[in-house]
Amino acid sequence: MSELLKMLGCRYPIIQGPIGMFNSPKMVAAVSEAGAYGMLALGFISNPDEVKKLIDEVRKLTDKPFGANIMLINPHNEKILGVLAGAGIKAITTSVGSPKEIYPIIHELGMKGIHVVLAFQHAIRAVTAGADALVVVGSEAGGLRSLNSESSTMVLVPLVADHVKVPLVAAGGIADSRGYKAAFALGAQGVQVGTRFLASGESPAAEQWKKAIIECSDGGTDLIPSNNMRTAERIIVTPWIKQKMDDQEVKNIAAEMDRHPAATGNYERAAFGAGQISALIKDIKPIKAIIEEMVS
Ligand SMILES: Cc1cc2nc3c(=O)[nH]c(=O)nc-3n(C[C@H](O)[C@H](O)[C@H](O)COP(=O)(O)O)c2cc1C
């Protein structure tokens with residue numbers, strides 16, 4: 001059994017990529033029930049009681065292991081970690097921020113921490129800070145990116161593998177058995193999958209979001225800078241975004257986007273976060289079917 005699988009305690013070395021704004025106990029449980037590692041996304045949560053409630057809801061649906069992602073810019077992490085450890089969560093991922101201060105706390109609580117890195121230098125720093133494993137995310141991935149020039153999964157994973165000894169999880173551009181197998185060839189012990197699970201039957205994403213993923217073609221996503229122009233997010237280029245790009249108004253997109261289309265009904269200006277792998281996703285499948293095909 002690989003070091004990563006020992007850490008996760010599940011059957012397959014597949015981690016559900018956390019999606020910051022979503023916490024669906026149903027989806028987390030579906031991933032864990034199918035043998036992979038379901039993940040709660042706690043990056044934007046401030047109330048530890050809410051964390052406890054989410055864990056209880058997942059536990060009602062599965063007795064299999066699952067984890068959680070915390071973002072290191074969240075000032076409430078110490079309390080959240082206490083709840084996670086108290087509930088018996090064994091391995092978590094940490095992202096968006098410096099891992100230096102939090103790793104001694106994670107270890108003191110008896111947990112393993114897997115730090116999410118987008119660049120080679122981050123990987124070296126995270127291992128020095130005590131990360132037990134790394135999720136290495138290539139530039140094709142969905143989610144938050146930097147505005148720097150970045151390497152793809154194909155380049156970044158072997159580059160990091162050549163320089164660190166901790167287990168690696170490849171992320172970015174993995175949706176099926178081909179990507180899964182490639183990750184091992186690149187030096188990873190497992191994968192983290194975001195966009196493919198977003199376009200699943202159990203995903204809480206709006207139907208419009210899932211449809212945008214399955215209709216997305218080659219080159220159909222782009223990096224859109226955030227309001228403060230310090231980070232970027234990979235998003236599906238909808239007709240509204242395309243128009244903004246043609247009008248050279250890219251820097252206004254983040255400010256004018258509708259972040260809560262389910263509440264406003266304004267899907268025209270919605271931000272459908274997704275990775276380049278959307279071009280390969282052509283159907284909405286149950287999570288179990290996605291995982292079974294991936295490991296086949
Ligand atoms: C809409 C969206 C939100 C995300 N939110 C988070 C998050 O809160 N924390 C995190 O570590 N990663 C986040 N990610 C990254 C995913 O967990 C995962 O690493 C990434 O999607 C993998 O690449 P793929 O989309 O090609 O599978 C997010 C990705 C997307 C598409």
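Both ligands and their constituent atoms are indexed starting at 1 by order of listing. Numbering starts at 1 and runs along the sequence shown. It should be emphasised that the depicted structure is a prediction, and the values quoted were computed from it without experimental measurement.
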S.K.: Taking distance alone, with no angle check, do Trp209 and ligand 1 share an N/O pair under 3.5 Å?
M.R.: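 Looking only at distances, the answer is no, because the N/O contact criterion of under 3.5 Å is not met.
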S.K.: Note the single closest protein heavy atom to atom 25 (O) of ligand 1, along with its residue, its atom name and the distance in Å.
M.R.: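 Result for atom 25 (O) of ligand 1: Thr195 OG1, 2.5 Å.
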S.K.: Of the choices Gly43, Ala205, Gly143, Ala274, which has the non-hydrogen atom that lies closest to atom 29 (C) of ligand 1?
M.R.: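 Looking at heavy atoms only, Gly143 sits closest to atom 29 (C) of ligand 1.
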S.K.: Measure from the side-chain N and O atoms of Asp132 to the backbone N and O of Gly113, and report whether any donor-acceptor pair falls under 3.5 Å.
M.R.: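 Yes, the answer is positive, given that a donor and an acceptor are paired below the 3.5 Å cut-off.
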S.K.: Give the minimum heavy-atom separation between Gln189 and Glu3, together with the two atoms involved.
M.R.: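 Here Gln189 and Glu3 meet closest at OE1-N, 3.4 Å.
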S.K.: Short list, please: which atoms of ligand 1 are under 4.0 Å from a heavy atom of Met71?
M.R.: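 Listed by number with element, the hits are 7 (C), 8 (O), 9 (N).
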S.K.: Walk me through it: do Glu140 and Thr153 pass the test side-chain hydrogen bond (donor to acceptor under 3.5 Å, both in side chains)?
M.R.: CA-CA 7 Å; Glu140 58 269 68; Thr153 305; 3.0 Å; yes
S.K.: Does a donor on one side chain sit under 3.5 Å from an acceptor on the other, for Glu33 and Thr62?
M.R.: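 A pair is found: one side chain offers a donor N or O, the other an acceptor, under 3.5 Å apart.
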S.K.: Does any pair with a residue in residues 101-122 pass ring-ring contact (aromatic ring centres under 6.0 Å, His included), and if so which ones, sequence neighbours excluded?
M.R.: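 Passing the test, one end in residues 101-122: Tyr103-His107, Phe120-His163.
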S.K.: Against ligand 1, does Arg234 come closer than 4.0 Å with any heavy atom?
M.R.: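 No, that is not the case, since the closest heavy atom of the residue is not under 4.0 Å from the ligand.
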S.K.: Say whether Ala171, considering both its backbone and side-chain N or O atoms, lies within less than 3.5 Å of an N or O atom on ligand 1.
M.R.: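 Among all N and O atoms of Ala171, none is under 3.5 Å from an N or O of ligand 1.
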S.K.: Go through the steps to decide whether Glu256 and Arg269 satisfy the test side chain to side chain contact (heavy atoms under 4.5 Å, CB included), and finish with yes or no.
M.R.: CA-CA 8 Å; Glu256 294 175 18; Arg269 290 189 178 203; 3.8 Å; yes
S.K.: Gly172 heavy atoms, cut-off 4.0 Å: which ligand 1 atoms fall inside?
M.R.: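 Going through ligand 1 atom by atom, the ones under 4.0 Å from Gly172 are 22 (C), 23 (O), 26 (O).
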S.K.: Have a look at Gly194, Pro18, Gly20 and point out the one with the heavy atom closest to atom 28 (C) of ligand 1.
M.R.: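 Answer by nearest heavy atom: Pro18.
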S.K.: Which residue from Arg196, Gln192, Glu233 reaches closest to atom 18 (C) of ligand 1 through any of its heavy atoms?
M.R.: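 The option holding the nearest heavy atom is Gln192.
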S.K.: Return the minimal non-hydrogen interatomic distance between Gly82 and Leu109, and the atom names on each side.
M.R.: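 Nearest pair, atom of Gly82 first, then Leu109: N-CD1, 4.1 Å.
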S.K.: Which option out of Gly17, Ser139, Ala271, Gly142 puts a heavy atom nearest to atom 15 (C) of ligand 1?
M.R.: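 The option holding the nearest heavy atom is Gly142.
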S.K.: May I ask you to list the atoms of ligand 1 that are less than 4.0 angstrom from any heavy atom of Ile277?
M.R.: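 Taking each heavy atom of Ile277 in turn, ligand 1 has 26 (O) under 4.0 Å.
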S.K.: What protein heavy atom sits nearest atom 2 (C) of ligand 1, and how far away is it?
M.R.: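 Here the closest protein heavy atom is Ile19 CD1, 3.7 Å.
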S.K.: Name the closest protein heavy atom to atom 26 (O) of ligand 1, giving the residue it belongs to and the distance to 0.1 Å.
M.R.: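 Result for atom 26 (O) of ligand 1: Gly173 N, 2.8 Å.
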S.K.: Students should be able to answer this: which protein heavy-atom is nearest to atom 23 (O) of ligand 1, and at what distance?
M.R.: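 That would be Ala141 CB, 3.3 Å.
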S.K.: Ser95 heavy atoms, cut-off 4.0 Å: which ligand 1 atoms fall inside?
M.R.: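 The atoms of ligand 1 under 4.0 Å from a heavy atom of Ser95 are 9 (N), 10 (C), 11 (O).
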S.K.: Enumerate, atom names and distances included, each donor-acceptor pair closer than 3.5 Å involving a side-chain atom of residues 83-92, sequence neighbours excluded.
M.R.:
none

S.K.: Of all the non-hydrogen atoms in the protein, which one sits nearest to atom 9 (N) of ligand 1, and at what distance?
M.R.: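 Checked against all protein heavy atoms, atom 9 (N) of ligand 1 sits closest to Asn69 OD1, 3.0 Å.
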S.K.: When you measure from the side chain of Thr195 to the backbone of Gly275, do you find a donor-acceptor pair of N or O atoms at a distance under 3.5 Å?
M.R.: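 Indeed, once roles are kept as given, a pair shorter than 3.5 Å links the two residues.
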S.K.: Going through the distances and angles, do Ile291 and Gln16 end up as a side chain to side chain contact (heavy atoms under 4.5 Å, CB included)?
M.R.: CA-CA 10 Å; Ile291 292 174; Gln16 175 196 350; over 6 Å; no
